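Below is one structure; the comments refer to it alone.
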Amino acid sequence: MNDIDAIMRIAPVIPVLTVADAAQARPLAEALVSGGLPVLEVTLRTPAALDVITEMATVDGAIVGAGTVLNEGDLNAVLSAGARFIVSPGLTEPLARAAIARRAPFLPGVATAGDIMRGLDLGLNRFKFFPAEAAGGRSALQALAAPFTQCRFCPTGGISAETAPAWLALDAVLCVGGSWLTPKGPLDFTAVRQQASLARALRP
Ligand code: 3PG
C-alpha cells in the first residue's frame, strides 16, 4: 500500500496521536484498531514518538504513520521506526522531494492556492488542509478545492466528533484528522474504543 490515496480511503477518521509514554502505544493502537480506525498518525511532538511508532507498527491491522514530519532528518527517522506514511503541517520542497525519492506516501499540509500549486508542481494531489477550522473552515476548503478538481483533502485542526460529519460530506474530502479521540489526561482505552467505533460509523 504505497499510495496515500488508498490510505486516506481506509477509514473516515485518522486519529492524530501525541503520546508521551511508549507504554501506552500498544493498548492505544489496539483500542483504535478494534474500534474500526486502523490508520494512525503519531506526531513527532514527544521524545517517545519514534518508540511509539515502532510499537504501534507491530499491532495487528494498524497502519501507522508519522505526523509533524518537518524535514528529511525526521523523514529518515520515522521510516526507520516503521512509519508507513508521512504527514507534515506544511509543504516544503526539500521534504516533498525526499518523501517522493523514498517512495513514502506523503500528506503535506496546505492552506492556500499557492501551497496546492506548489504541491501539484511536485506531482502531489492529496493534501492535509491545515489548520482546518482556523484557516476558514468548510467554506474555505470548498472555495479552495473548486479550481483543483484533481485534488482531495484530509482536513485536520479543530475538528470534533460533532463537526466531522459535515466535513466528510464535502466532495473534496476523503477523510478527516483529529485528536478528539484521545483527550488530554489519563487514557481510558474503553472510551477510546467507543469513540473510534462512533468515528468509524461516520462513513458506512
Ligand atoms: C495536527 O497536528 O494535525 C493537529 O494538531 C490536530 O488538530 P486537533 O488537535 O485540533 O485535532
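Counting convention: from 1, in listed order, for ligands and their atoms alike. Computed from a predicted model, the values in this text were never measured in an experiment.
Among protein residues, V16, R45, K128, F130, T156, G157, G158, G178, S179 come within 4.0 Å of ligand 1, judged on heavy atoms.
Between the side chains of T163 and R138, no donor N or O sits under 3.5 Å from an acceptor N or O.
Taking 4.0 Å as the cut-off between side-chain N and carboxylate O, D121 and R118 do not count as a salt-bridged pair.
Counting only heavy atoms from C-beta outward, the side chains of R102 and L79 approach each other to under 4.5 Å.
When the options L170, N125, L141 are evaluated for a side-chain contact (heavy atoms from CB on, under 4.5 Å) with F153, the one that passes is L141.
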Return a table of donor-acceptor pairs under 3.5 angstrom between the side chains of residues 6-17 and protein atoms on other chains or two or more places apart.
{"unit_1": "R9", "atom_1": "NE", "unit_2": "D5", "atom_2": "OD1", "d": "3.2"}
{"unit_1": "R9", "atom_1": "NE", "unit_2": "D5", "atom_2": "OD2", "d": "2.8"}
{"unit_1": "R9", "atom_1": "NH2", "unit_2": "D5", "atom_2": "OD1", "d": "3.2"}

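A single hydrophobic cluster is not seen to contain both L70 and V42; linkage of ILVMFWY side chains at heavy-atom distances under 4.5 Å, directly or through other members, places them apart.
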